[in-house]
Amino acid sequence: MDKIFQPANIETRWYEEWEAKGYFAPQGGEKAYSIMIPPPNVTGSLHMGHGFQEAIMDALIRYHRMAGYNTLWQVGTDHAGIATQMVVERQLEAEGVSRHDLGREKFIEKVWDWKEESGGTITRQLRRLGSSLDWSRERFTMDPGLSSAVQEVFIELYREGLIYRGQRLVNWDPALHTAISDLEVVSEEENGFLWHFRYPLANGEGHLTVATTRPETMLGDSAVAVHPDDERYQNLIGQMIELPLTGRQIPIIADDYVDMAFGTGCVKITPAHDFNDYEMGKRHDLEMINILDDDAAIGSAAPEAYRGLDRFEARKRIVADFDALGLLDKIDDHKLKVPRGDRSGVIIEPYLTNQWYVDAKKLAIPAITAVEDGDIQFVPKQWENTYFAWMRDIQDWCISRQLWWGHRIPAWYDDEGNIYVGDSEEAVRQAHALEDTVALRQDEDVLDTWFSSALWTFSTLGWPEKTEDLDIFHPSSVLVTGFDIIFFWVARMIMMTLHFRKEVPFHTVYVHGLVRDAEGQKMSKSKGNVIDPIDLIDGIDLPSLLTKRTTGMMQPQLAKKVEKSTKKQFPDGIDSYGTDALRFTYYSLASTGRDIKFDIGRIEGYKNFCNKIWNATRYVLMNCENEDCGTDESATVNLSLADRWIISTLQETEDAVAQAIANYRFDHASQALYEFVWNEYCDWYLELSKPVLWDDNASEAAKRGTRRTLIRVLETSLRLLHPFMPFITEEIWQTVGPLAGKSGPTIMLQPYPVSDDKGIDNAANADIEWLKGVIVGIRNIRGEMNISPALELTVLMKNGSNLDKTRLEQNRQFLKKLAKLEEVKWLSEDDEVPVSATALVGSLEILVPMAGLIDKDAELGRLAKEIDKLQKDLSRLEGKLNNPSFVEKAPAEVVAKEKEKMLAQEQALAKLREQELRIRDM
RNA sequence: AGGACUAUAGCUCAGUUGGUUAGAGCGCUACCUUGACAUGGUAGAGGUCCCCAGUUCGAAUCUGGGUAGUCCUACCA
C-alpha cells in the first residue's frame with residue numbers, strides 16, 4: 001500500500017466495476033426502499049447543490065441496500081423546456097439564424113442533437129460522485145413512456161374538467177414570447193419614478209391627478225378609480241374624463257380597492273395590463289384594451305402615433321407629450337418591485353392571451369390533507385407551514401408555453417374554434433365523428449416542464465401501464481430536495497400523484513439547505529464564486545479556474561473583479577481532495593434547517609481523515625496479514641481489556657449512526673464515525689494493541705484476540721463508513737474483508753453493521769476510562785513541565801483504592817507503553833514520598849518525582865492553575881448546596897450527584913494544596 | 001405587510017425532555033520525525049452562549065420584548 005491515500009487511483013475504477021456488475025439494481029429483500037432522483041436538466045452540469053443532494057441520497061440508498069432492503073434509486077433527466085430551448089436558440093443566434101428561419105420541426109431536431117451532444121455531462125458527473133443510481137432504468141421526461149403518461153394525464157384531467165382553456169391575463173415574457181407561471185416571475189425592488197399626470201374632466205371643469213409607475217399603459221386606460229368614501233372626489237364619481245393622447249373618454253368609478261392615502265387617491269385603471277386592474281375591470285365591466293403586441297411594443301389597438309414603439313421608448317414619448325400639453329404634474333423618485341422572468345431576466349408584462357390552466361384548487365384539497373394527516377412528513381417540520389400557506393391560497397396553474405421544445409398539447413381546433421382533446425388527430429376524428437373535410441390544426445403550444453416532472457415518481461415506473469415496479473416501489477420512501485422547488489415541484493407532485501394513483505408520491509420530504517460560498521453568498525456565475533464539485537474532487541490550477549469563471553459571463557465587465565477575488569481566495573488553484581472527502585464534508589455540514597457555508601478548510605480535514613483510515617489500515621495489515629487472526633473459531637482467543645472496550649465502543653457508534661440516519665442527521669452520523677475511527681480506534685486502540693502484539697511473552701491466544709479485534713473492528717468500521725465514503729472503504733475492504741473472515745465481491749452488498757448489546761462491556765469502558773485518565777495525567781505533567789518525550793519516567797502511585805490497585809496490575813503493560821514509563825511503583829503509607837509533580841485520578845495520586853527533571857516554579861505554576869480551577873468550581877458547588885431551596889426542590893439524585901462532586905473536589909483541592917506547600921519547601 | 005429561520009471559541013458548526021467543568025473540526029502556541037500516518041503525535045491557550053426582562057432551586061436550552069442578519073410569500077397605482 002502507498003504511504004499516502006491517492007483517491008484518483010481508485011475512484012473511477014471502482015465505479016465502473018460496480019456499474020458493470022449491476023450492483024446498483026434492486027435485488028431482493030422483502031421491504032422496498034426507493035428514491036426518485038430530482039431529475040437534473042438533461043443539458044445541464046453539476047453544481048454544489050447537486051453534489052450535496054446526491055451525496056445525501058446516496059448515503060440513504062447505500063445504507064438501505066446494505067441493510068437488506070430491495071433498494072431502487074431511480075435515475076433520469078428533465079427536458080427543461082425553456083432553459084434548453086434558450087441554449088439552442090442562442091447557438092443559432094451566433095450563426096445568425098433564428099428558430100423561425102428553421103421552422104418547428106428542424107428546430108426540434110437541433111434540440112435533440114444538442115441533447116445527444118451535451119446530455120452526457122451531468123450523468124458522467126453523477127457517476128464521479130459515486131452515486132449508486134440504477135442506470136439500467138434511466139429515464140428522460142420526453143422519452144416515449146413518459147410522454148404517453150403526460151398525454152394520458154392531460155386528457156384525463158381535461159375530461160374531468162380540471163384542465164381548461166381560457167383567456168386571462170398571464171405573465172408574458174416578451175423576450176421568450178411565452179406565458180410563464182407565477183412562480184417563474186421574480187420580483188425585486190428597483191429604483192423608478194412615480195409620474196403624476198393631469199387627466200382633464202370631460203366637462204372642462206378642471207382635472208384629476210393620477211400617479212403611475214407605468215406611463216405607457218395610459219394608452220389602455222379604461223377608467224379612473226377613487227375610493228367610494230373619499231370626500232375629495234365624491235362629486236366626481238360617475239363623471240367622464242377626457243383621456244389625453246387617445247381621443248377617448250373614460251369614466252370615473254368608485255372601488256374600495258383604492259388606497260386614499262397613496263399618491264393622489266386617484267388610480268388609472270388599465271385592465272389589460274395590470275392584475276389588479278384586471279380584477280377591477282371585471283367588477284365594473286370595463287373595456288379591456290390590449291395596447292401591446294407579443295414583443296411588448298405598442299400594438300394596433302393604440303393611437304397611431306405610438307404604434308410600433310418599444311414599451312420603454314413609448315414611455316419616454318408619452319411623458320414628453322404630457323409635459324408638452326402641460327399635463328405633467330410632477331415626477332417623484334419611487335422604489336417599486338419589478339417583475340422579471342427568472343430565465344430571460346426581462347420585465348414581465350401582464351398580457352391578455354388564451355392559455356391552458358389546471359384547476360389547482362380542487363387538486364390541492366387532498367394534497368393538503370395528506371400532509372395534515374402525516375401521510376407525508378416534511379423534515380424539518382417547519383416546511384409544512386410553507387407548504388400549507390401556499391396550498392391554501394393556490395392559484396390556477398398556467399400550463400401552456402409558447403415554446404417548441406416540450407410535450408405538445410394534445411388538443412385540436414376546427415375552423416369554428418371547437419376544441420377536441422385526444423391522443424392524436426385520428427383518435428379525435430374518430431371520437432367526434434369528424435369528416436376528413438373538416439380541417440383540424442393542433443394546438444401550437446407545449447406544456448410547462450413541471451407538468452411532466454409532477455408525474456415523476458410514477459411515470460418512471462411505467463405508469464399508465466400496471467407494472468410490478470409500481471407495486472413494489474411506489475410510493476417512494478423519501479424525496480430529497482431543496483426548499484426552492486417546494487412549490488414548483490413537490491406540491492404539484494403531491495397533487496398529481498394523489499389524483500392519479502390515489503396514494504402519496506413519497507412518505508417523507510427531506511428539505512436540505514442551500515450551499516453557499518465561504519462568505520455565505522449564494523454561488524452565481526456573475527459573482528464568480530461558483531465552485532464546481534468536480535474541481536474539488538480532481539483539483540484545478542489557477543489559470544484553468546480563472547478561465548472557467550470568466551468565460552461565458554452574462555456581464556463580461558465583471559470579469560476583472562472575479563479574477564481578482566479568485567486569485568485572492570485560491571492563489572494556487574484548488575487541491576484535489578477526492579470524492580470521499582467531498583462527500584464527508586457535505587455530511588458533516590448537513591444539519592437540518594440551515595444553509596451551509598462551504599468552507600474549504602473542512603474538506604481539507606476530511607481528506608486527512610481518509611488518509612488516517614488508510615494508514616490505520618496499513619498498520620492493521622502489517623500486523624494481521626499472514627498471521628493468525630482468529631478466523632478459525634476453534635482456536636482459543638483471549639480478549640484484552642482494550643479489545644473488549646473497543647468492541648463495546650463500536651456498538652455504541654453503530655447505534656449512534658443508525659439513530660442519526662433515521663433522523664436524517666448526517667452531521668451527527670459523520671461526527672460519530674469520525675470520532676470513533678480517529679479518536680478511539682486510532683488514537684487509543686491501535687496504541688493499546690502494540691503492547692500485546694509486540695510482547696514476546698504474550699500468549700498466542702492473547703495475540704490472536706488482539707489481531708482478531710483489530711481486523712474485525714476495522715472491517716466493521718469500513719461497512720459503517722461505506723454509505724458515506726464509498727470508494728476508500730471498497731478499496732480497503734477488498735483486502736481487509738477476507739482477513740476478517742468475510743467473503744463477497746463488494747462491500748456494497750455486505751450487511752450494514754447493527755449494534756449488539758452483548759458487545760457492550762461497561763466494566764471494560766470504566767477500566768479504560770481510568771487508564772486514559774492516568775495516562776493523560778502523566779502526559780500533562782510531561783507536557784507542562786517540558787520533560788522530553790524520549791525520557792522514560794518512573795512513576796509512583798499512592799492513596800489508591802483496591803480497585804485502583806487491581807486496575808494498575810491489569811494495565812501495567814499498557815500504561816508503561818503509552819505513558820512511556822520505565823517503572824510504576826506503588827507507595828505504601830509509610831514509604832517516604834519524594835518531592836514530585838502530581839496528578840489526580842479520583843483519590844489516586846500519581847507522582848512523578850522531580851529530582852533532576854522538573855523545575856520548581858513551573859510545577860508551582862501548574863498547581864496554581866489547577867487549584868484556581870478547582871476553587872472556582874467548588875465555590876459554585878457550595879453556593880448551590882447551601883441554597884436551601886435547591887436542596888429541597890431539586891430531584892434527590894441531582895442533589896446527591898452535586899454533593900458527591902463537591903466531596904471529590906474538596907479532597908482534590910486539599911491534596912493539591914498539600915502538594916503546593918511541599919514544593920514551596922523544596 | 002405577513003411568515004420562517006439564524007445569532008455559541010478567531011473561522012465553520014454541534015449542543016437531546018431545562019441538571020456539563022458548554023463541545024468538535026480548522027486556525028493558534030509549545031514540544032516531538034517514537035517501528036500506520038508530519039495529510040502525523042502530545043500538551044495547551046481561547047467563550048458576557050446577541051441584548052433586556054420573566055418563569056424556575058437551576059436557563060445556551062422555556063416565555064415575552066428588543067437588536068442584527070438571511071430567506072420566503074403577497075403587494076399600492
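Computed from a predicted model, the values in this text were never measured in an experiment. By convention in this document, chain letters (A, B, ...) are assigned in the order of the sequence lines, proteins followed by strands, and residues within each chain are numbered from 1.
At a cut-off of 3.5 Å, with distance as the only test, a side-chain donor of A/Asp221 or A/Tyr199 sits close to an acceptor on the other residue.
Atom P of B/rA59 sits at a distance of 13 Å from the matching atom of B/rA53, rounded to the whole Å. Nucleotides B/rU33 and B/rU48 place their C1' atoms 43 Å apart, quoted to the nearest Å. Taking atom P on both B/rG15 and B/rU8, the two are 14 Å apart, rounded to the nearest angstrom. Rounded to whole Å, the separation between the P atoms of B/rC11 and B/rG2 comes to 33 Å. Nucleotides B/rG69 and B/rC32 place their C1' atoms 45 Å apart, quoted to the nearest Å. Using C1' as the reference atom, B/rA14 and B/rU61 are 14 Å apart when rounded to the nearest Å. When the P atom is used for both B/rA9 and B/rA22, the distance is 14 Å, rounded to whole Å. For B/rG58 and B/rG19, the C1' atoms lie 7 Å apart once the distance is rounded to whole Å.
A/Phe598 places its CZ atom 13 Å from the C1' atom of B/rC26, with the value rounded to the nearest Å. The nearest whole Å value for the distance from the CZ atom in A/Phe488 to the P atom in B/rC72 is 12 Å. Distance CD (A/Gln395) to C1' (B/rC75): 13 Å, rounded to an integer number of Å. Residue A/Asp599 contributes atom CG, which lies 16 Å from atom P of B/rG10 at whole-angstrom precision. Atom CD1 of A/Ile600 is separated from atom P of B/rG27 by 13 Å (rounded to the nearest Å). The distance from atom CD of A/Glu279 to atom P of B/rA74 is 15 Å, rounded to the nearest whole Å. Separating the CG atom of A/Asp517 from the C1' atom of B/rU70 is a distance of 14 Å, rounded to the nearest angstrom. A/Ile596 has its CD1 atom 20 Å from the P atom of B/rC5, to the nearest Å.
Across all strands shown, A/Arg516 has heavy atoms under 4.0 Å from sugar-phosphate atoms exclusively, and none from any base. No contact: A/Val210 has no heavy atom under 4.0 Å from any strand. As judged by a 4.0 angstrom heavy-atom cut-off over every strand, A/His334 is placed among residues touching the sugar-phosphate backbone only.
No more than 12 heavy atoms of other residues, nucleotides or ligands lie within 6.0 Å of CD in A/Glu188, so this atom counts as exposed by the packing criterion. Within a 6.0 Å sphere centred on CZ of A/Phe193, heavy atoms belonging to other residues, nucleotides or ligands number 12 at most. Heavy atoms of other residues, nucleotides or ligands lying less than 6.0 angstrom from CG of A/Asn626 number 12 at most.
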*Quick one, give me the B/S/- string for nucleotides 30-44 of chain B, reading 5' to 3', where B means a protein heavy atom under 4.0 Å from the base and S means that only happens at the primed atoms, P, OP1 or OP2.*
--S--BBBSBSSSSS
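Between A/Asn191 and A/Leu336 the shortest heavy-atom distance is C-CD2, 4.4 Å. Contact record, A/Ala360 with A/Asp396: N-OD1, 3.3 Å, taken as the closest heavy-atom pair. A/Ser689 and A/Thr706 get closest at one heavy-atom pair: CB-CG2, 3.7 Å. When all heavy atoms are compared, the tightest approach of A/Ser670 to A/Phe584 is O-CZ, 3.4 Å. A/Lys880 approaches A/Phe886 most closely through the heavy-atom pair O-CD2, 3.4 Å.
In this structure, A/Tyr387 and A/Phe378 have tilted ring planes: the angle between them lies in the 30° to 60° band. Using cut-offs of 30° and 60° on the angle between ring planes, the pair A/His512 and A/Phe52 is perpendicular. The aromatic rings of A/Phe609 and A/Tyr674 sit tilted, their planes meeting at an angle between 30° and 60°.
Phosphate contact (OP1/OP2 of B/rA77, side-chain N/O of A/Lys268, threshold under 4.0 Å): absent. Regarding contacts with the backbone of B/rC76, a side-chain N or O of A/Asn276 is found under 4.0 angstrom from either OP1 or OP2.
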Mind listing the N/O atom pairs, protein and nucleotides 15-21 of chain B, below 3.5 Å?
{"residue": "B/rG15", "atom": "OP1", "partner": "A/Arg665", "partner atom": "NH1", "Å": "3.1"}
{"residue": "B/rG15", "atom": "OP1", "partner": "A/Arg665", "partner atom": "NH2", "Å": "3.3"}
{"residue": "B/rU21", "atom": "OP1", "partner": "A/Arg876", "partner atom": "NH2", "Å": "2.9"}
{"residue": "B/rU21", "atom": "OP1", "partner": "A/Lys901", "partner atom": "NZ", "Å": "3.1"}
{"residue": "B/rU21", "atom": "OP2", "partner": "A/Arg876", "partner atom": "NH1", "Å": "3.3"}
{"residue": "B/rU21", "atom": "OP2", "partner": "A/Arg876", "partner atom": "NH2", "Å": "2.8"}

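Along RNA chain B, the nucleotide closest to A/Arg602 and the one closest to A/Arg214 are compared, and the more 5′ of them pairs with A/Arg602.
Both key distances under 3.5 Å define a Watson-Crick or G-U pair, and stretches of 3 or more such consecutive pairs in RNA chain B run B:1-7 with B:67-73, B:10-13 with B:23-26, B:28-32 with B:40-44, B:50-54 with B:62-66.
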*Using the salt bridge (Lys or Arg N to Asp or Glu O under 4.0 Å) rule, take A/Arg340 and A/Glu190 through it: C-alpha gap first, then chi angles, then the decisive distance, then the call.*
CA-CA 11 Å; A/Arg340 292 177 181 275; A/Glu190 298 181 15; 2.8 Å; yes
